[in-house]
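Below: one structure, written as structure tokens.
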Amino acid sequence: MEMLPLTLQVLVFPGLLFAAAAGLVTSWVDRMVTARVQMRVGPPFLQPFYDVVKLMIKETCVPAGGARALFLAAPLAGLAGAALASTIIWRAFLARGSGFSGDVIVLLYLLTLPALAVILGSFASRNPLASLGGSREMKLLLAYELPFVLAVLAVVARTGALRLEEILAAPAAATRPSGIIALVVAVLCMQAKLTLVPFDAPEAETELSGGAYIEYSGPPLAVFKLTRAMMLFTMPVFLVAVFGGGIRLGDGVLPAVAGVLKVVGLVVATILIRNTAPRVRIDQAVRFFWGPATLAALVATGLVFVGL
Amino acid sequence: MPRTAIIPIGPYHPLQEEPEFFKLHVEGETVVGLDIELGYNHRGIEKLSESKTFEQTVFLVERICGICSTSHPIACVQAIEDAGNIAVPERALYIRSLIGELERLHSHLLWLGLAGHFLGFNTVWMWVWRYREDLLDIMELLTGNRNHYAMMKPGGVRRDIRREDIPAVRKMLDGLKGPLALFRDAVAEDPVIHARLKDVGVLTRQEVIDYCALGPTARASGVAIDVRRDHPHAAYGLVEWDVCVEHNGDVFDKAVVRIREMFESVRIVAQCLDRLEVVGGPIDSNPKEIPPGEGIGHYEAPRGEVFHYVRSDGGNRPARHKVRAPSYMNVPTDRAAVLGGSVSDATIVLAAVDPCYCCTERMAALDASTGRRLMGAKELLRLSWEKTERLKRELGAEGPKLDLARTE
């Protein structure tokens with residue numbers, strides 16, 4: 001497959017524009033499945049696009065006394081992180097030899113950028129509810145990163161590779177007990193990374209009226225929403241890449257469709273989790289991730305060393 | 001020394017549909033103080049009532065609250081009947097209880113849905129409200145309206161329940177039992193719901209007694225009060241039902257009490273329907289005059305006892321009409337329940353008493369230019385006590401001496 005110049009890769013395909021479009025479609029799936037679960041009709045297909053476009057032409061209000069530059073820059077940092085992560089993952093699917101050693105580590109960092117952006121933006125808002133949301137987001141980040149990295153480590157330990165391509169070339173991790181346990185942990189961490197119920201304490205509409213996002217309006221809010229949508233798409237793709245053998249392009253239609261179906265499966269699992277549980281308190285979330293989740297990830301890594 | 005920050009819940013907040021203002025003083029995520037400020041929605045109902053005829057008053061109090069829209073009228077007509085010694089035909093009593101219990105069902109379902117929403121469990125919210133729709137349709141069939149029924153009048157009820165409508169009500173009740181059992185089991189079994197609700201916002205039995213809390217809020221803490229049983233009215237003395245009591249006083253038990261009460265309501269409605277098929281006769285004793293005198297009426301609204309006092313001077317309108325809604329007693333218990341808990345729990349704890357602010361509104365005196373509150377609780381208490389003392393002097397009445405110094 002002929003690759004575009006690098007700048008266009010980041011900005012158009014498989015970076016920003018592609019991830020944004022795919023993310024908005026995924027967020028439509030999320031809204032539609034949620035609506036069906038809740039016995040509602042659900043929005044039309046283009047609704048997520050309309051939402052972003054509408055926010056783009058709205059006024060940007062910066063709270064008085066807030067850190068203006070940081071307040072406006074934070075959403076862009078998150079967007080950049082999500083776009084770059086998508087670029088690196090899809091390049092590994094598309095072209096052999098395009099990755100670099102240690103790109104899995106880079107991805108782990110890039111995928112935390114949206115959460116860091118939310119934290120920075122909330123503290124720049126100078127709003128008590130936003131600060132509370134920001135501090136919760138920080139606690140949540142500290143909580144889920146440990147088991148998440150350990151879960152990925154289980155795969156890295158088995159393949160001995162820190163390069164996404166080599167992980168993709170090896171048999172899919174989720175076919176072994178260690179990989180299955182690690183995947184389950186990673187899916188729960190993904191739920192928290194996407195700040196979806198039961199781990200949506202940072203924005204908790206009915207507690208903090210949106211928390212971290214409360215002071216955002218217009219284009220910066222649109223950027224945050226877009227980042228969230230991109231993460232809703234990119235995170236499952238990352239998990240499929242690490243645990244499920246990735247999306248095989250270029251080997252015919254069937255493997256490609258199978259790869260996409262794996263992503264859809266993870267997205268639907270996420271949606272179902274968020275619709276069948278109430279929100280947990282932040283202390284309960286931290287206890288869960290540092291306790292059972294970390295333990296399970298350690299067990300998965302341990303199983304790798306005994307050959308399971 | 002830890003710094004205290006203020007987390008505002010209100011005056012406009014997605015938590016609740018009415019304007020209210022809870023100032024949470026927090027240290028980190030722990031609530032260390034709570035200020036409750038009401039007074040955004042005062043409408044002067046009691047004063048308005050004095051300008052309405054007795055029949056019109058009932059329509060007025062129906063609009064105190066859109067959820068308890070038949071509890072206030074029942075209490076009000078009972079107060080008028082008490083003042084005028086008016087008898088009510090038996091058939092009307094059954095119709096009163098029927099409408100009252102259907103209202104309790106819809107109110108508790110509303111609360112259950114909102115409780116799910118406050119916990120971020122929007123699926124529960126949507127499902128509960130979906131099943132509540134069938135109930136509202138039945139209300140429309142029976143009374144012509146989904147929420148404001150206009151069924152009560154002094155001496156009876158305004159509309160009869162038609163025999164041909166009864167099967168539809170029974171069908172709705174049967175359809176409701178399945179979902180009710182589903183929600184009961186979901187609350188009883190879901191581990192995450194337990195983690196969020198058990199031992200959260202505990203109100204002890206003594207606190208309930210000290211705050212004079214009412215309704216499900218009191219019954220969840222082991223205080224078995226229910227005016228339907230304690231002062232039987234309407235048809236509550238004529239049908240079989242139980243008062244639902246739990247003992248832990250946490251949010252979980254408040255939910256359990258409400259869910260159990262819904263099953264009792266279904267039982268009462270079914271029995272009322274049975275009796276309505278047998279008991280005939282008039283539905284209205286059609287009183288013409290209310291002689292001078294005073295009367296009280298109470299009714300167990302979904303949130304607790306609602307109390308009406310009416311004084312007649314022999315004219316066609318109340319000389320004085322006093323209303324006390326249950327939230328007025330229940331909302332202050334938030335101070336006991338919220339303090340020491342976390343901010344995350346505060347919203348569900350505040351919502352656990354099923355607060356209704358438009359019932360509770362008294363008044364607020366503000367300086368319009370600065371927005372500063374001119375009178376707080378102590379000033380209002382002082383005004384009230386001064387008036388009591390003045391009236392006692394004028395009437396030469398005996399009574400305990402109120403210590404005005406305590407209001408300073």
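In the text below, chain A, chain B and the rest are named by the order of the sequence lines, each starting its count at 1. Here the structure is a predicted model, which means the values were calculated and not measured.
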For B:Trp111, does the CH2 atom have more than 12 heavy-atom neighbours from other residues, nucleotides or ligands under 6.0 Å away?
yes

For A:Thr276 and B:Asp190, the nearest pair of non-hydrogen atoms, with its separation, is O-OD2, 4.3 Å

Just wondering, do B:Asn122 and A:Arg40 contact through their side chains at under 4.5 Å, heavy atoms?
no

Is the count of non-hydrogen atoms from other residues, nucleotides or ligands lying under 6.0 Å from B:Arg146 atom CZ greater than 12?
yes

Chain B contacts, top residue of A:Thr34, A:Asn275, A:Ile282, A:Asp200 (heavy-atom pairs, under 4.5 Å)
A:Asn275

Are more than 12 heavy atoms from other residues, nucleotides or ligands located less than 6.0 Å from atom NZ of A:Lys262?
yes

Per-residue contact mode, B:Val200 against chain A (heavy atom under 4.5 angstrom):
side chain

What distance do A:Gln284 atom CD and B:Ser344 atom OG have between them, rounded to the nearest 0.5 Å?
8.5 Å

Whatever's closer than 4.5 Å to a heavy atom in chain A on B:Val343 counts as both

List the atom of A:Gln38, the atom of B:Thr123, and the distance in Å for their closest heavy-atom pair.
NE2-N, 3.5 Å

Name the option with the most non-hydrogen atom pairs under 4.5 Å to chain B; the candidates are A:Val37, A:Asn127, A:Val197, A:Asp283.
A:Val37

Quick one: what part of B:Ala5 sits under 4.5 Å from any heavy atom of chain A, side chain, backbone, both or neither?
neither

Heavy-atom closest pair (B:Ser342 atom, A:Arg281 atom, distance to 0.1 Å) is OG-CD, 3.3 Å

How far does CZ of A:Arg279 sit from CZ of B:Phe121, to the nearest 0.5 angstrom?
12.0 Å

